[in-house]
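Contents: one structure, followed by commentary.
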Protein chains: 2
Amino acid sequence: MFQSAAAAGNAYRDEHLLFDHGNTSAYVDLREIILTKKEHELLALLVENAGEIVPRDILLERIWGYGKDIRTRTLDVHIRRLRKKLFPYGDTYIETIFGVGYRFQRFREPRNYMTFMPELVAV
Amino acid sequence: MFQSAAAAGNAYRDEHLLFDHGNTSAYVDLREIILTKKEHELLALLVENAGEIVPRDILLERIWGYGKDIRTRTLDVHIRRLRKKLFPYGDTYIETIFGVGYRFQRFREPRNYMTFMPELVAV
DNA sequence: GCAGAATGTAAAAAAAATGTAAATTCGCGA
DNA sequence: TCGCGAATTTACATTTTTTTTACATTCTGC
């Protein structure tokens, strides 16, 4: 549960994002983004658990070594900067689970009427 | 990963730089520059991995034989002198990846409207 | 809808890494 | 051994990242 850098060497790839665990740079569409160490660790941990909620506790403990007693906003600030670098998909990729933590979601092509329910279009 | 002098004998060449692995002098446009031994090794290692980030660790280990525990500014000083000799392209060729290392980037002609989108010019 | 708790955000402060000039040391050829 | 250029260290300056602070905003249960 909550895989760590074990999955290193492997890269995550989808429609808009290319992320390599061993590399501090990533690609959003054709744009290279350079992640700082903490940003990279954070995104790595989230991506490794794509589709699953990773609680704040875990993030703070794994990346910062903080215990449950520590009160800080540093996680939120880092999430924010990550989302910014993932523009314009920041909120699409990184979802906030209120009261729990965050979840990285694989990109899925947004449905439109045409592809979703073709019979409703061009009637 | 992180090729060494194996690729010797071959020369690197682009719009502004000619660098021969077997030669301690290089050319920046039509100007000859003379590299010292360490400068040459450093540039060679970076050029061999053009486009890829080479971590400080690796540079310090491959060129100086230093371990991760050694604290020194000598790498930075060499980078600085290299950049100076590559004037006015020093910062263009040698990029700093904060917290990680350096990256040599092939020279790319800056785009202008003419070359990028010719159909938008001279309307 | 409200109160209280959790998260978002901008800006300042602190910490860490890199840049730089100048001094010092090293090493090799004469 | 001496002299000289190369390499390294030193001592700050500067830049970048990370954390904190101080509020603003959003969410949830009642």
Side-chain angles (χ1 to χ4, degrees), chain A residues 24-26 32-46 53-104, chain B residues 23-26 33-46 53-104:
Chain A
T24 82
S25 62
E32 178 184 39
I33 60 176
I34 292 192
L35 303 173
T36 68
K37 263 179 188 143
K38 280 273 152 65
E39 286 163 0
H40 183 260
E41 289 181 70
L42 181 52
L43 184 54
L45 192 42
L46 291 172
I53 299 169
V54 184
R56 295 178 66 90
D57 302 6
I58 301 292
L59 292 167
L60 283 168
E61 198 250 309
R62 293 285 178 86
I63 298 178
W64 283 272
Y66 288 178
K68 305 199 179 191
D69 46 313
I70 293 179
R71 185 161 51 250
T72 175
R73 303 236 59 63
T74 195
L75 168 57
D76 308 74
V77 173
H78 276 85
I79 288 285
R80 173 171 154 64
R81 283 197 290 249
L82 253 185
R83 284 176 168 156
K84 216 173 221 171
K85 289 192 179 177
L86 293 174
F87 182 87
Y89 312 109
D91 295 318
T92 308
Y93 279 122
I94 301 178
E95 192 182 351
T96 299
I97 311 298
F98 202 93
V100 187
Y102 296 94
R103 172 167 57 186
F104 178 89
Chain B
N23 203 324
T24 98
S25 63
I33 61 176
I34 295 192
L35 302 173
T36 69
K37 196 171 179 184
K38 279 270 152 63
E39 285 163 1
H40 184 261
E41 289 181 70
L42 181 52
L43 184 54
L45 192 41
L46 291 172
I53 298 168
V54 184
R56 294 177 68 90
D57 301 5
I58 301 291
L59 293 167
L60 283 169
E61 198 249 308
R62 293 285 177 85
I63 298 177
W64 282 272
Y66 289 178
K68 303 199 181 194
D69 46 313
I70 294 181
R71 188 162 49 252
T72 175
R73 303 236 58 63
T74 193
L75 168 58
D76 307 73
V77 173
H78 276 85
I79 288 285
R80 172 171 153 64
R81 285 198 290 250
L82 253 185
R83 282 177 169 155
K84 217 173 221 171
K85 289 191 178 176
L86 293 174
F87 181 87
Y89 312 109
D91 295 318
T92 308
Y93 279 121
I94 301 178
E95 190 183 354
T96 300
I97 310 298
F98 203 96
V100 187
Y102 296 94
R103 171 167 59 183
F104 179 89

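Protein chains get the first letters and strands the later ones, always in sequence-line order, with residue 1 at the start of each. Note that the structure is a prediction, hence the values are computed from the model and not measured.
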Residue set satisfying salt bridge (Lys or Arg N to Asp or Glu O under 4.0 Å) with A/K84, at least two apart, ordered chain then number -> none
Of the candidates D/dT19, D/dT8, C/dT18, the side chain of B/V77 sits closest to D/dT8
B/F104 meets the ring-ring contact (aromatic ring centres under 6.0 Å, His included) criterion, sequence neighbours left out, with B/Y12, B/Y93
Between CG of A/D91 and P of C/dT7 the distance, given in whole Å, is 15 Å
Is any side-chain heavy atom of B/L35 closer than 4.5 Å to one of B/L42?
no
Under 3.5 Å: donor-acceptor pair, side chain of A/K37, backbone of B/G99
yes
Applying ring-ring contact (aromatic ring centres under 6.0 Å, His included) to A/F87 and not counting sequence neighbours gives none
If you look only at distance, which donor and acceptor atoms sit under 3.5 Å apart when one is on a side chain in residues 63-75 of chain A and the other is two or more places apart or in another chain?
from  : atom 1 : to    : atom 2 : distance (Å)
A/T72 : OG1    : A/T74 : N      : 3.1
A/R73 : NH2    : A/D76 : OD1    : 3.0
A/R73 : NH2    : A/D76 : OD2    : 3.0

Polar atom pairs between nucleotides 28-30 of chain C and protein, under 3.5 Å, N or O only, would you list them?
none

From CD1 of B/I33 across to P of D/dA6 the rounded distance in Å is 14 Å
DNA chain C nearest-nucleotide lookup for A/K84 and A/G99: closer to the 5′ end is A/G99
Rounded to whole Å, CD1 of B/I79 lies from P of C/dA17 at a distance of 17 Å
Taking N or O atoms only and anything under 3.5 Å, show me the protein contacts with nucleotides 11-18 of chain D, one pair per line.
from   : atom 1 : to    : atom 2 : distance (Å)
D/dT18 : OP1    : A/K38 : N      : 3.3
D/dT18 : OP2    : A/T36 : OG1    : 2.3

Rounded to whole Å, the CG-C1' distance (B/L43 to D/dA6) equals 17 Å
Check: Taking only side-chain nitrogens and oxygens of B/Y102, does any of them come within less than 4.0 Å of OP1 or OP2 of C/dA17?
Finding: no
Separation of D/dA7 atom P from B/L59 atom CG, nearest Å, is 16 Å
To the nearest angstrom, the CD1-C1' distance between B/I94 and C/dT18 comes to 14 Å
Note to self: Check the phosphate of C/dA17 against B/T96, side-chain N and O only, distance under 4.0 Å to OP1 or OP2. Yes or no?
What the structure shows: no
- Message: What verdict does the side chain to side chain contact (heavy atoms under 4.5 Å, CB included) test give for A/R83 and A/T96, after you've listed the backbone C-alpha separation in whole Å, the side-chain angles of each residue and the deciding distance to 0.1 Å?
- Response: CA-CA 11 Å; A/R83 284 176 168 156; A/T96 299; 2.7 Å; yes
I'd like to check A/I79 versus A/R56 (side-chain heavy atoms, cut-off strictly below 4.5 Å). Are they in contact? no
Per nearest nucleotide of DNA chain C, the residue lying toward the 5' end, A/D76 or B/R83, is A/D76
Run the side chain to side chain donor-acceptor pair (under 3.5 Å) test on A/S25 and B/R103 for me, step by step, so that the C-alpha distance in whole Å, both residues' side-chain angles and the decisive distance to 0.1 Å come before the verdict. CA-CA 12 Å; A/S25 62; B/R103 171 167 59 183; 4.9 Å; no
In whole angstroms, the gap separating C1' of C/dT18 from CG of B/L82 amounts to 16 Å
B/L35 atom CG is separated from D/dA7 atom C1', nearest whole Å, by 15 Å
